[in-house]
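All remarks here apply to the structure that follows.
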Amino acid sequence: MIELKNVNKSFGTKKVIDNLNLVIPDGEILAIVGPSGGGKTTLLRTLAGLEKADSGEFLLDGQPFDPTSTKEQEQVVGVVFQDFQLFPHLSVRDNITIAPCLVLKESKDVYNQKAERLAKLLGLSELLENYPYQLSGGQKQRLAIARAMAMDPKVLAYDEPTSALDPELRQQVEKLILDLKKDGVTQIVVTHDLTFAENIADKLLKVEPIK
Ligand SMILES: Nc1ncnc2c1ncn2[C@@H]1O[C@H](COP(=O)(O)OP(=O)(O)O)[C@@H](O)[C@H]1O
Ligand SMILES: [Mg+2]
């Protein structure tokens with residue numbers, strides 16, 4: 001279970017996250033819905049440790065953690081960003097293995113096996129030696145998900161996972177997220193698409209830009 005207590009974040013004088021409280025039980029999907037400027041991306045960046053909250057508490061199974069701590073080898077929240085942020089010069093295999101290789105310092109065999117397992121899970125087995133430019137939008141997204149999962153995060157979060165995709169791919173993303181839920185993965189899905197959110201979410205959080 002992941003919990004946020006009284007989390008605040010401002011940029012200068014602009015408040016972006018205002019006293020946010022959240023609980024996500026294991027295996028559930030929280031959808032965060034709201035218009036542009038509502039602080040959704042900032043929240044995910046904060047959970048991924050790319051921004052530092054001004055105040056508040058982050059708890060995993062009741063234990064406080066600091067998302068920005070570089071000491072912790074265990075990543076709590078893995079984020080799939082809107083533009084995927086793949087490494088264009090690395091193969092699918094190396095995109096998946098680079099972070100565990102650098103951070104978790106496992107053996108090459110271990111991370112190759114992991115890449116193959118994740119590629120299978122996400123339907124990328126035939127594409128392991130391909131490069132991002134050779135992938136479709138849906139395949140790039142699945143690679144971004146595989147790459148986030150390679151760090152064994154406790155929670156997987158997505159920023160607008162349907163926005164870069166053709167409308168017909170939306171259902172595939174829905175299915176993928178629901179399949180991962182069946183595997184017990186706890187997920188946070190940020191979207192401005194209320195129908196999509198309602199289709200997948202156990203819980204819905206609506207955010208508004210703060211005036
Ligand atoms: N690094 C930053 N520096 C200053 N302002 C920022 C920064 N990141 C986001 N903001 C501002 O914070 C607000 C929320 O942005 P964002 O989290 O991207 O919202 P959303 O993802 O819901 O559209 C916006 O007004 C945005 O301009
Ligand atoms: Mg955003």
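Numbering of ligands and ligand atoms starts at 1, following listing order. Just so it is clear, the values below take in all heavy atoms, side chains as well, and ignore hydrogens, waters and symmetry mates.
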Is it true that some N/O/S atom of Thr41, main chain or side chain, lies under 2.8 Å from the Mg ion (ligand 2)? yes
Test your reading of the model: is there a side-chain donor-acceptor pair from Lys203 to the backbone of Ile24, 3.5 Å cut-off? no
If I take atom CG from residue Asp94 and atom SG from residue Cys101, how far apart are they, to the nearest 0.5 angstrom? 9.0 Å
With rounding to the nearest 0.5 angstrom, report the CG to CZ distance, Leu118 to Arg147. 12.5 Å
Which residue supplies the protein heavy atom nearest to atom 19 (O) of ligand 1, what is that atom called, and how far is it? Gly39 N, 3.1 Å
Which of the listed options, Gln82, Lys40, Lys14, holds the heavy atom that is closest to atom 24 (C) of ligand 1? Lys14
Looking only at protein heavy atoms, which one is nearest to atom 18 (O) of ligand 1, and what is the separation? Thr41 CB, 3.7 Å
Numbered atoms of ligand 1 (with element) below 4.0 Å of Ser36, judged on heavy atoms: 23 (O)
Of the listed options (Val33, Leu43, Thr42), which comes nearest to atom 17 (O) of ligand 1 when hydrogens are ignored and any heavy atom counts? Thr42
Protein contact of atom 12 (O) of ligand 1 - nearest heavy atom, named by residue and atom, plus distance: Val16 CG2, 3.4 Å
Any salt bridge between Lys9 and Asp18, counting N to O under 4.0 Å? no
Does the side chain of Thr68 come under 3.5 Å of the side chain of Asp66 through a donor N or O and an acceptor N or O? yes
Give a yes or no on whether the backbone of Phe87 and the side-chain of Asn95 come within a donor-acceptor separation of less than 3.5 Å. yes
Ligand-side contact atoms (ligand 1) for residue partner Pro35, heavy atom cut-off under 4.0 Å: 22 (O)
Which distance, rounded to the nearest 0.5 Å, do you find between the CG of Asn199 and the CD of Glu174? 4.0 Å
Would you call Lys154-Asp61 a salt bridge at under 4.0 Å N-O? no
Counting non-hydrogen protein atoms only, what is the nearest one to atom 23 (O) of ligand 1? Give residue, atom name and distance. Gly37 N, 2.7 Å
If the cut-off is 4.0 Å to any non-hydrogen atom of Gly38, which atoms of ligand 1 fall inside it? 19 (O), 20 (P), 22 (O)
Would you call Glu116 and Arg93 a salt bridge, using N to O less than 4.0 angstrom? yes
Is there at least one protein heavy-atom neighbour under 4.0 Å from atom 27 (O) of ligand 1? no
Hey, is atom 6 (C) of ligand 1 touched by any protein heavy atom at less than 4.0 Å? yes
For ligand 1, is there an N or O atom under 3.5 Å from any N or O atom of Phe11? no
Is ligand 1 under 4.0 Å from a heavy atom in the side chain of Pro209, in the backbone, in both, or in neither? neither
